[in-house]
Amino acid sequence: QVQLVESGGGLVQTGGSLRLSCAASGRTYSYYTMGWFRQAPGKEREFVAATRWSDTSTVYAESVKGRFTISRDNVKNTVYLYMNGLKPEDTAIYYCAADRSVRPVGVVFTSRGDYDYWGKGTQVTVSS
């Protein structure tokens, strides 16, 4: 089993920045893909960004490219989401997730159904 705990959410003004953290514990392996998803009120959960523990492969949703950066600390078993230039439409609960399947090198999946473990989420609110 893998446990994921998010932190770092909060209230920020438009144009501001936040850093989200996801601490992973339990049986984590270097081939896991770690992702961030978000869910706004009344909307479906959507992909934000993902990275693999084992290599530098990263993928971003078009809506956050150039503003968000995903990174990981393999020693601390922690994945980060640096969010800059925040907009009101970024307001959502942000979830960390882990894909435990063995994927070809450089391949990152972005569908919600591909992820096996989920954290409970952290709220991000961007005021206009």
Side-chain angles (χ1 to χ4, degrees):
Q1 274 288 359
V2 174
Q3 294 78 42
L4 303 173
V5 179
E6 304 96 334
S7 62
L11 173 64
V12 64
Q13 291 185 333
T14 296
S17 301
L18 282 175
R19 186 190 78 169
L20 304 184
S21 301
C22 171
S25 60
R27 285 181 169 266
T28 59
Y29 296 93
S30 62
Y31 56 82
Y32 279 18
T33 300
M34 301 299 297
W36 286 96
F37 289 73
R38 67 186 181 186
Q39 188 166 16
K43 295 188 177 181
E44 293 196 354
R45 195 170 300 187
E46 65 176 4
F47 172 78
V48 175
T51 186
R52 293 165 57 104
W53 286 118
S54 58
D55 58 50
T56 58
S57 302
T58 57
V59 175
Y60 296 93
E62 284 297 323
S63 60
V64 306
K65 266 184 188 176
R67 299 188 299 124
F68 290 10
T69 302
I70 188 170
S71 67
R72 69 217 180 277
D73 184 327
N74 289 4
V75 174
K76 294 183 178 180
N77 263 8
T78 300
V79 178
Y80 302 98
L81 185 67
Y82 294 85
M83 305 186 295
N84 298 312
L86 283 163
K87 306 174 182 180
E89 50 264 44
D90 294 318
T91 295
I93 299 174
Y94 282 71
Y95 297 90
C96 178
D99 169 10
R100 67 183 178 185
S101 297
V102 177
R103 309 289 186 189
V105 172
V107 174
V108 176
F109 280 51
T110 61
S111 295
R112 178 181 175 181
D114 293 314
Y115 288 76
D116 306 286
Y117 303 106
W118 293 84
K120 294 184 178 181
T122 184
Q123 176 70 49
V124 171
T125 303
V126 184
S127 63
S128 57

Exercise for the section: Spell out, as yes or no, whether a donor-acceptor pair under 3.5 Å connects the side chain of Thr91 to the backbone of Val126. Expected result: yes
Handout entry: Nearest heavy-atom neighbours spanning Ala92 and Gln123
Key = O-NE2, 3.4 Å
Problem - Cys96 backbone acceptor or donor facing Glu6 side chain under 3.5 Å - result: yes
Problem - Pairwise distance CD(Glu44) to CD(Gln39) - rounded to 0.5 angstrom - result: 8.0 Å
Exercise for the section: State, to 0.1 Å, how close Leu4 and Val2 come at their nearest heavy-atom pair, and which atoms those are. Expected result: CD2-CG1, 3.8 Å
Tell me which donor-acceptor pairs under 3.5 Å the side chains of residues 75-89 have, and how far apart each pair is, sequence neighbours excluded?
residue	atom	partner	partner atom	Å
Asn77	ND2	Thr28	OG1	3.2
Thr78	OG1	Lys76	O	3.0
Asn84	OD1	Ser17	OG	2.8

Practice task
Would you kindly confirm whether Trp118 and Leu20 end up in one hydrophobic cluster when ILVMFWY residues are joined by side chain heavy atoms under 4.5 Å apart?
Solution key: no
Fill in the blank from the handout: Between Val48 and Val64, the two heavy atoms sitting closest are O-CG2, 3.6 Å
Handout entry: Distance, nearest 0.5 Å, that separates CE of Met34 from CZ of Arg52
Key = 13.0 Å
Practice task
Decide whether Tyr95 and Tyr60 are clustered together by the hydrophobic rule: side chain heavy atoms of Ile, Leu, Val, Met, Phe, Trp, Tyr closer than 4.5 Å, transitively.
Solution key: no
Fill in the blank from the handout: CD (Gln1) and CG (Asp116) are apart, to the nearest 0.5 Å, by 10.0 Å
Practice task
Mind jotting down which residue pairs meet the side chain to side chain donor-acceptor pair (under 3.5 Å) criterion with at least one end in residues 64-74? Sequence neighbours excluded, please.
Solution key: Glu62-Lys65, Arg67-Asp90
Fill in the blank from the handout: Paired with Tyr115, the ring-ring contact (aromatic ring centres under 6.0 Å, His included) test is passed by just one of Phe47, Tyr32, Trp36, Phe37, namely Phe37
Listed pairs under 3.5 Å, donor-acceptor, residues 99-109 side chains, sequence neighbours left out:
residue	atom	partner	partner atom	Å
Asp99	OD1	Ser101	N	3.0
Asp99	OD1	Arg103	NH2	3.4
Asp99	OD2	Arg103	NE	2.9
Asp99	OD2	Arg103	NH2	3.2
Arg100	NH1	Tyr117	OH	3.1

